[in-house]
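Accompanying notes for the structure given below.
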4 protein chains.
Amino acid sequence: MKIDINCDLGESFGAWRLGDDEEVLRYVTSANVACGFHAGDPLAMERTVRAARERGVAVGAHPGFPDLVGFGRRHLETAPGEVRCDLLYQIGALEAFCRVQGVALQHVKPHGALYNLAARDERVAAEVADAVLAFDPRLILVVLAGSAAARVAAEKGCRVAAEAFPDRAYRADGALAPRGQPGAVIHDPDAVERRVVDLVTRGRLTAIDGSLVALRADTLCVHGDTPGAPELARRLRQALEAAGAEVVPLDRVLEPSP
Amino acid sequence: MKIDINCDLGESFGAWRLGDDEEVLRYVTSANVACGFHAGDPLAMERTVRAARERGVAVGAHPGFPDLVGFGRRHLETAPGEVRCDLLYQIGALEAFCRVQGVALQHVKPHGALYNLAARDERVAAEVADAVLAFDPRLILVVLAGSAAARVAAEKGCRVAAEAFPDRAYRADGALAPRGQPGAVIHDPDAVERRVVDLVTRGRLTAIDGSLVALRADTLCVHGDTPGAPELARRLRQALEAAGAEVVPLDRVLEPSP
Amino acid sequence: MKIDINCDLGESFGAWRLGDDEEVLRYVTSANVACGFHAGDPLAMERTVRAARERGVAVGAHPGFPDLVGFGRRHLETAPGEVRCDLLYQIGALEAFCRVQGVALQHVKPHGALYNLAARDERVAAEVADAVLAFDPRLILVVLAGSAAARVAAEKGCRVAAEAFPDRAYRADGALAPRGQPGAVIHDPDAVERRVVDLVTRGRLTAIDGSLVALRADTLCVHGDTPGAPELARRLRQALEAAGAEVVPLDRVLEPSP
Amino acid sequence: MKIDINCDLGESFGAWRLGDDEEVLRYVTSANVACGFHAGDPLAMERTVRAARERGVAVGAHPGFPDLVGFGRRHLETAPGEVRCDLLYQIGALEAFCRVQGVALQHVKPHGALYNLAARDERVAAEVADAVLAFDPRLILVVLAGSAAARVAAEKGCRVAAEAFPDRAYRADGALAPRGQPGAVIHDPDAVERRVVDLVTRGRLTAIDGSLVALRADTLCVHGDTPGAPELARRLRQALEAAGAEVVPLDRVLEPSP
């Protein structure tokens, strides 16, 4: 029973600060570092990689759409090849900071609207997987458990990590309940904690309709911009370890790369 | 007698096109590819690396200040470490496109105001050299012949290439005559051709005051955004080869990396 | 029989130039000036307003999505109120250049993806109309003839100008044939000329299926970034005038504002 | 004895928040609203103008260099006319939000590096004054008391407001002590309060060398991004009113516009 906890980090930009990176890094095992298109600037990227390294937290690229004012949360149409090139650019940029600090880049997790789009659009999912494979086939691609992205990337031979969202409700078919739906976001930390333990130790979740859903997850997402994110990460980690799970970076959750 | 001819390429951005890359690539031996901060977008970067590879032209990163509207030509104050991080970011981004196309990144040439600033400001020159060395000590750093950047980078152990500007006048002390000075830009292609042959075969130039200046150059810059750039590159290459020089990429001009 | 010919202008950005504004301004009667979000910078905006004024061409704002690399051609999700605020910002910015040059801002025409989105999405159309009305109720809003935007804006009391595209095929129901469809773009200038005369003098077009469609247009769009745009504008104007139409700015085509 | 207290507001951008605008607006009389080049987006600008209007605080434009990542704090070279056009653009953009909310734009205060540059560079100061005068001669231009900008703008016939910085030390010649100098920033709120009362009621300040400097100020700057800014603004206002000064928007401090 191994599980990773990931969090988006390095989401500051110039004079603007976002999130309590230092505190969150005490509890998570993988950091998704913003790469400059939706957040993050070169100084912030260096700072974040350094902070993660000092805490022994694995580093991943968190590429997004080129949309600072929308924080990469807005769907953007793309030309063929554009998602692939946008990812290569951002992965390469982050890898430079890892390289000079002696950190091995562990994973890639698309951000915001790009994550959601890849989850449902096979063309985009294929471009994401192509970028990751072409850059370095040892990289792990983090995608929504059960999504188109998960399937397409696995078919292409990508190392795929399935991600679950502890504070989000799921439908009976294993899909996320849309944010608009009442009860879609779970605010009670006790409930989140119980769900996480159930998910990791038994591979199942209670869906929004009360039924049980089988779900396998390699990594759990903690939202860094939620107030109380560090405290939630701390509690989840403690509860998981108490339940006998090993909370470790993704690279140790997945089978070794070939 | 070996010499490289370099040119800035990939300076398009989105719908805007600049320069005749395809034509210039027929005559130059090293391409400085814009990395997104002053020009170039991810699709353009991939396109440019591919075009260079197909022509057997060596690829370098051409990082600039983050200033699209100013095309990286305006001096910008920077915080300590900022130039180093801005370079790491841009070099890493370009290297991703080289990597997936099986091209070895050959060099780094700062763009515009950053090039000029590094030439005279030792703090900035040191940050540029640090970025290049930390990313990959085999990379060649292209700097203004005889500048602070050349000295600082060499002292740090960087592979340094000295650059000369065939269509620019030099002062008797070997410095470039400032653009504002009458005669600072040489428009007659015949004169440019004679100067280049003199420089490469005899290591000297006629300065703006008529005196002879000793100058050693590893690479000659052709400005891609000058009308007639491809034709000038063609003539220079032909004249140099007729004079017995070998026009080859920088990596074959310099001593091999250790 | 009065008709306006409009064209997108001022689409340069920094060092990048696009279109032959000087030449196009000789033949069109209304200029849609880019406002900085998808193209255009403050110096370009001043230059374009001046050039239009010197040619007696009426000036309009051409606001777009904030997407330089995509040239405002990509659909972008927006929060409620965001389109309205993005328009107010851009209209205000352009109006400043009109004001200091003694030019009255005549119209607003949304650009690219925003134009297309407003044509079919009533929420966006309403925000566009709200921005125009709130800024100055005398402004004319240019929208696709027969679109949701035309209807919504008219209901709100906006001065609406219906736009037709001479070089685009229409379906039997009066909608534009999508660009992907064979024959959707008409490349033969003679055919475009005949269509335009038919449209303006008889209020009808031959649809892509050969049927006749009734269509009323206040303004005809000439695409400035098409090679040969100035020549096309010249021919259309000449043909229209030969057919007895008066080619005048929009403000003289529409009824006076109340 | 009338005095204005101004503060920079609306410095958020997209998902990033900066400053406690709501709280500061309770104590200041003039708001400098960021216009999108260094901070502020259209939604933030509308929000800020509305909040100021609701509190009866006068609204001014706070234009800066186009440099989001540097927050407009970095000196940027500009072409002739560029500062003037950058200002017209930003003033026009903000005025649109004022206009639709029935607020009269009161003043313009350049931001950060542009403010500092205008204070010492006559060419830039002249372009700033030209932009303000051309846009609307009733607008007040806020500049550093005793600076080149103050002189140049007054000579051009601009309504000029002299600004003082309560938490900054002054040299004996009335210039600001540079930030690097020990004692240049005054952190003790009691001291700041005493200085402000002295300045407003007696037109003098104690310089960093202990001498007394005569200084006339129309407006006092409170830095919104300093922790404790609202509390400082509250204290200054209270102390000034206790000392008999009338704390009112700039437009009531200066002579009426002609």
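First the proteins, then the strands, lettered A, B, ... as listed; each starts at 1.
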Check the angle between the aromatic planes of A:W16 and D:W16 and answer parallel, tilted or perpendicular using the 30° and 60° thresholds.
parallel
Is it the backbone or the side chain of D:R17 that comes under 4.5 Å from a heavy atom of chain A, or both, or neither?
backbone
Using non-hydrogen atoms and a 4.5 Å limit, figure out which bit of A:L68 sits close to chain D: side chain, backbone, both or neither.
both
The interface call for D:A44 against chain A, heavy-atom contacts under 4.5 Å, is neither
Per-residue contact mode, D:F13 against chain A (heavy atom under 4.5 angstrom):
both
Considering residues, nucleotides and ligands other than A:E22, do more than 12 of their heavy atoms fall under 6.0 Å from its CD?
no
